> 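One structure, pasted below without further comment.
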There are 2 protein chains.
Amino acid sequence: MRFDEYNYFNIYLIYKGGENMTSTIKDVARLAGVSISTVSRVINNSKPVSPEIRQKVMKVIEEINYKPNEIARSLVTKKSSLIGIIVTDIGNSYVAEMVRGIEEIAKMYNYDIILCSTYSDKETECKNIQLLKRKQVEGIILISDIINDRIDELIKEYDNPFVYLNRLYHQTKYSTVSIDNYNAAYEMTKYLISLGHMNIAYLTAKEKQLKELTTIETEKLEGYKKAVREELYEEIIHFSKGKNIKSGYNAANEIIARDNITAIFTSCDDLAIGAINYLYDNNINVPHQISVAGYGDIGTASILRPKLTTIDEPFYDIGAVAIRRIIKELKGEKVDFDEITLPFRIQRRSSCVEIK
Amino acid sequence: MRFDEYNYFNIYLIYKGGENMTSTIKDVARLAGVSISTVSRVINNSKPVSPEIRQKVMKVIEEINYKPNEIARSLVTKKSSLIGIIVTDIGNSYVAEMVRGIEEIAKMYNYDIILCSTYSDKETECKNIQLLKRKQVEGIILISDIINDRIDELIKEYDNPFVYLNRLYHQTKYSTVSIDNYNAAYEMTKYLISLGHMNIAYLTAKEKQLKELTTIETEKLEGYKKAVREELYEEIIHFSKGKNIKSGYNAANEIIARDNITAIFTSCDDLAIGAINYLYDNNINVPHQISVAGYGDIGTASILRPKLTTIDEPFYDIGAVAIRRIIKELKGEKVDFDEITLPFRIQRRSSCVEIK
DNA sequence: GTGAAAGCGCTAACAG
DNA sequence: CTGTTAGCGCTTTCAC
């Protein structure tokens with residue numbers, strides 16, 4: 001450090017010492033003896049700057065530990081590099097997994113994420129969209145599991161890249177990403193049939209408000225039906241009160257009242273886990289007395305004993321693809337299809353066995 | 001809508017139609033025929049405005065669906081109403097639970113959160129702190145499980161409210177919140193002793209880098225030791241390679257090689273789950289042959305069969321208290337203690353039974 | 001009670 | 001290559 005620089009630095013310290021310590025581009029400019037535009041240029045590498053000056057500026061930046069204020073930058077560039085992500089509840093492992101995918105990819109492209117929870121409340125969902133708009137997020141991913149008739153209006157106002165990961169519906173208005181639920185359910189049922197099961201109960205839940213099955217649940221159910229019909233087996237369909245573990249627990253009781261059932265296939269892992277718990281608590285052996293298959297392959301599925309046979313929905317990838325799509329759109333790249341379908345896998349584990 | 005207003009609105013639409021549709025405070029001012037300061041006043045309720053004008057302004061805001069730009073506001077107020085939260089991995093259920101607590105409380109006070117993951121990488125942790133600083137977050141909560149000698153310097157530079165939720169260390173430099181690990185482990189061990197267990201193995205893991213126990217793990221271990229010593233029982237301490245389910249699985253094998261063991265107490269739930277899985281896979285009945293107790297009470301603990309006896313660490317509350325503390329500091333309220341201790345509970349469930 | 005004007009920290013023409 | 005200048009959209013003195 002030569003004397004003049006050392007001196008500059010001291011002056012700077014004296015100047016800044018009293019008040020707010022954060023230094024601005026002006027400080028850097030003054031200390032480096034250049035204009036703020038030049039500083040801006042070296043920070044952003046936006047235009048050529050002579051090596052010596054660049055050096056000098058960088059040194060000052062280093063010395064006073066200058067960090068550009070992204071808020072100010074955003075204001076002028078109109079790019080916040082923020083993506084809003086609205087979830088039902090980060091406590092659900094599949095949601096966490098999706099967020100993981102989103103966050104990781106977003107970071108790769110220098111976007112940050114603002115996280116909001118709705119706990120499946122419609123009002124909160126709407127509020128969050130508006131709030132994120134005010135925060136100038138460049139895109140929104142909405143992970144929802146409710147019906148929200150105000151989405152249309154809100155998104156129209158918002159007018160930015162948007163991906164709708166609604167677990168109830170497939171709609172063509174917005175970009176979405178999911179697996180082929182019809183075929184997934186079909187294949188799982190076929191698998192159970194291949195194990196010799198002839199009386200396979202399907203357990204699902206109606207949506208509370210509508211009191212009917214949602215688009216996606218209908219697709220799964222149809223997949224199940226198709227497989228069963230092909231064999232001319234009986235369709236055995238049960239509806240639980242909800243989709244959580246407890247609902248599965250309670251439903252299992254009713255299902256096994258029919259004593260010919262040898263397998264239960266549920267529309268989500270939690271229902272399967274609930275069912276397995278019920279059977280365990282009532283000394284009914286899974287899989288030897290009853291096989292149980294789930295849907296989703298949440299983390300718990302492979303921890304359980306017996307390990308849960310289920311359909312692997314690639315939650316991480318769903319998140320990753322969703323954010324990828326938004327970033328593409330933001331970059332002005334052409335984005336073709338709006339309904340992206342990802343591959344699934346049947347996870348054959350120990351909760352389902354061949355019938356004897 | 002009277003004619004003149006209607007007319008204004010049309011002019012506005014014509015004006016805005018071509019370009020960027022988002023309206024600004026200027027638009028509102030022009031359409032309402034007032035100055036932007038007045039608009040600002042009605043938006044923020046910062047100074048008295050005559051009822052008629054307020055009406056008029058509100059009407060225009062409604063009509064053109066004006067939403068204030070928070071970025072611009074932040075720039076002048078120097079308040080981003082953003083809290084940064086850096087986590088190891090949102091995929092860990094306890095982390096998700098903490099984030100849940102943070103997010104929910106933050107929203108109550110009109111703060112939003114920016115989420116960053118580190119996957120326990122030191123460099124990423126440092127980068128994220130700096131990045132959040134640039135984004136002008138008003139506070140940071142760091143949920144970490146690594147040693148990071150650069151934290152000091154980084155936080156000094158950052159110079160804003162900060163809570164360090166490091167699962168390895170208790171340090172007095174920063175605010176932190178946790179449970180009394182020493183007494184929690186002590187009480188759990190006492191509980192096992194009360195069930196008649198005399199040969200209780202304690203399973204924990206050394207930190208990889210240090211190859212020794214971290215502060216927090218040492219506290220737990222000391223709690224266990226104290227309880228065992230009080231009875232003059234033998235201390236049976238095992239170290240696994242890591243803290244995940246797999247490590248627990250592998251360690252269980254070694255532990256039961258000593259055939260007098262009747263109970264295993266692990267320093268985290270994942271180790272316990274791994275151990276239970278191992279015992280299940282090897283036809284050793286839990287709890288009747290061996291009782292297993294965990295630490296943490298993660299979601300899976302009560303789903304497992306047998307249900308896991310464990311120590312309930314209030315993860316949600318830990319997050320909530322952490323953010324609460326930051327908000328208090330931001331409001332200039334006095335914040336007294338820096339190391340907040342929350343209560344724990346021994347969750348007595350079916351994985352531990354009285355010895356016969 | 002209201003408006004004019006300055007400025008938050010930065011980028012981006014525009015000259016030179 | 002570098003500096004000057006005009007804003008980005010908003011809040012906040014300071015006059016009136």
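Owing to the predicted nature of the structure, the values given are computational and were not obtained by experimental measurement. Here is how names work: the chains are called A, B, and so on, in the same order as the sequence lines, proteins then strands, and each is numbered from 1.
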> Salt bridge check, B:Arg325 against B:Glu329: does any charged N sit closer than 4.0 Å to a carboxylate O?
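Counted as a salt bridge, because a side-chain N and a carboxylate O are separated by less than 4.0 Å.
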> Distance check needed: C:dA12 P versus A:Lys78 NZ, whole Å only.
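These atoms are roughly 12 Å apart.
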> Could you run down nucleotides 10-16 of chain D 5' to 3' and tag each one B, S or - for protein heavy-atom contact under 4.0 Å?
BBBB---
> Taking atom C1' of C:dT2 as reference, at what distance in whole Å does atom CD of B:Gln55 sit?
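Those two atoms, CD and C1', are 18 Å apart.
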> Around A:Glu333, counting heavy atoms of other residues, nucleotides and ligands shown, do more than 12 lie under 6.0 Å from its CD?
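Check passes, neighbour count above 12.
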> Could you check A:Thr176, A:Val177, A:Val163 and say which one makes a side-chain contact (heavy atoms from CB on, under 4.5 Å) with A:Ile340?
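Exactly one candidate clears the test, A:Val177.
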> If I take atom NZ in residue B:Lys133 and atom C1' in nucleotide C:dG9, what distance separates them, rounded to the nearest angstrom?
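My rounded result for the distance is 14 Å.
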> Ignoring backbone atoms, test whether A:Ser35 places a side-chain nitrogen or oxygen under 4.0 Å from the OP1 or OP2 oxygen of D:dT4.
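Indeed not, no polar side-chain atom of A:Ser35 lies that close.
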> Look at atom CD of B:Glu153 and say whether more than 12 heavy atoms of other residues, nucleotides or ligands are closer to it than 6.0 Å.
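Enclosed: over 12 neighbouring heavy atoms sit under 6.0 Å from CD of B:Glu153.
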> Check this for me, if you would: do B:Arg100 and B:Glu104 make a salt bridge, where the nitrogen-to-carboxylate-oxygen distance has to be below 4.0 angstrom?
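Result for this pair is no, no salt bridge flagged.
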> If I take atom CD1 in residue A:Ile53 and atom P in nucleotide D:dT2, what distance separates them, rounded to the nearest angstrom?
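Rounding to the nearest Å, CD1 of A:Ile53 and P of D:dT2 are 4 Å apart.
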> Between the side chains of B:Glu103 and B:Lys107, is the shortest nitrogen-to-carboxylate-oxygen separation below 4.0 Å, so that they form an ion pair?
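So B:Lys107 pairs with B:Glu103 through a salt bridge.
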> End-to-end bend of the helix from C:dG1-D:dC16 to C:dG16-D:dC1 (five-pair axes, 10° rounding)?
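Here the local axes at opposite ends form an angle of 40°.
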> Check B:Lys133 with B:Asp159, please: is the shortest side-chain N to carboxylate O separation under 4.0 Å?
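Salt bridge between B:Asp159 and B:Lys133, a charged N being under 4.0 Å from a carboxylate O: no.
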> Given B:Ile83, which partner from the list B:Ile326, B:Ile102, B:Val137 fulfils the side-chain contact (heavy atoms from CB on, under 4.5 Å) test?
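Only one of B:Ile326, B:Ile102, B:Val137 forms a side-chain contact (heavy atoms from CB on, under 4.5 Å) with B:Ile83, namely B:Ile326.
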> What's the CZ-C1' distance between A:Arg54 and D:dT2, to the nearest Å?
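Rounded to whole Å, this separation is 13 Å.
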